[in-house]
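Along the sequence shown, residues are numbered consecutively beginning with 1.
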Amino acid sequence: QVQVVESGGGSVQAGDSLTLSCKVSAPFFSHYAMGWFRQAPGKEREFVVATNWNGQSTYYSDSVKGRFTIAIDSDKGTSKLQMNNLKPEDTAVYYCAAEVASTVMIKQSDYDYWGQGTQVTVSS
């Protein structure tokens with residue numbers, strides 16, 4: 001059974017930085033494409049950033065481009081989301097998603113494996 005676990009959320013001030021981590025655990029080794037999505041209170045879950053399995057292809061939403069950076073270690077099944085210059089509108093539950101695939105994927109329906117989410121709160 002594949003498990004996805006996020007960590008690293010917290011409460012910060014606007015302008016601060018935070019790093020989220022994601023770990024994929026599975027009974028058999030595979031390379032995963034990974035993505036991060038977020039859901040703010042009262043809103044639908046939205047795409048944030050995604051990477052293909054080796055990090056050579058990434059895609060960012062316009063709202064985080066230039067501030068967030070995704071990194072992946074495909075051998076370890078881990079992903080990190082470095083978030084800089086955080087804004088109050090970045091406040092949300094952040095979800096890591098993974099899929100056995102070689103390409104970068106930005107649709108939620110592309111992913112079979114999801115974490116439980118980690119809360120990020122940015123105050124002004």
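Among residues at least two apart or in separate chains, there is no disulfide bond (SG atoms under 2.5 Å apart) pair with a member in residues 38-82. Among residues at least two apart or in separate chains, salt bridge (Lys or Arg N to Asp or Glu O under 4.0 Å) pairs with a member in residues 54-71 are Asp62-Lys65, Arg67-Asp90. The salt bridge (Lys or Arg N to Asp or Glu O under 4.0 Å) contacts involving residues 41-61 comprise Arg38-Glu46, where partners must be two or more places apart or lie in separate chains. Listed by first and then second residue, the salt bridge (Lys or Arg N to Asp or Glu O under 4.0 Å) pairs involving residues 99-121 amount to none (not counting sequence neighbours). Sorted by first and then second residue, the ring-ring contact (aromatic ring centres under 6.0 Å, His included) pairs with a member in residues 88-124 read Phe37-Tyr111, Phe37-Trp114; sequence neighbours excluded. Applying the disulfide bond (SG atoms under 2.5 Å apart) definition to pairs two or more places apart or across chains, those involving residues 17-102 are Cys22-Cys96. Applying the salt bridge (Lys or Arg N to Asp or Glu O under 4.0 Å) test to every pair with at least one member in residues 12-35, sequence neighbours left out, gives no pairs at all.
In this view, Ser61 and Phe47, Ser63, Val64 satisfy the side chain to side chain contact (heavy atoms under 4.5 Å, CB included) rule, not counting sequence neighbours. Every residue two or more places apart in sequence or in another chain that forms a side chain to side chain contact (heavy atoms under 4.5 Å, CB included) with Ser123 is listed here: Gln13. With sequence neighbours left out, Ser17 forms a side chain to side chain contact (heavy atoms under 4.5 Å, CB included) with Gln82, Asn84. Scored by the side chain to side chain contact (heavy atoms under 4.5 Å, CB included) test, Ser11 finds Thr121 as partners (sequence neighbours excluded).
When side chains are defined from C-beta on, Leu20 counts as touching Met83, because their heavy atoms get closer than 4.5 Å.
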Expected list for residues 70-77: side-chain donor-acceptor pairs under 3.5 angstrom, two or more places apart:
{"residue": "Asp73", "atom": "OD1", "partner": "Asp75", "partner atom": "N", "Å": "3.2"}
{"residue": "Asp73", "atom": "OD1", "partner": "Lys76", "partner atom": "N", "Å": "3.2"}

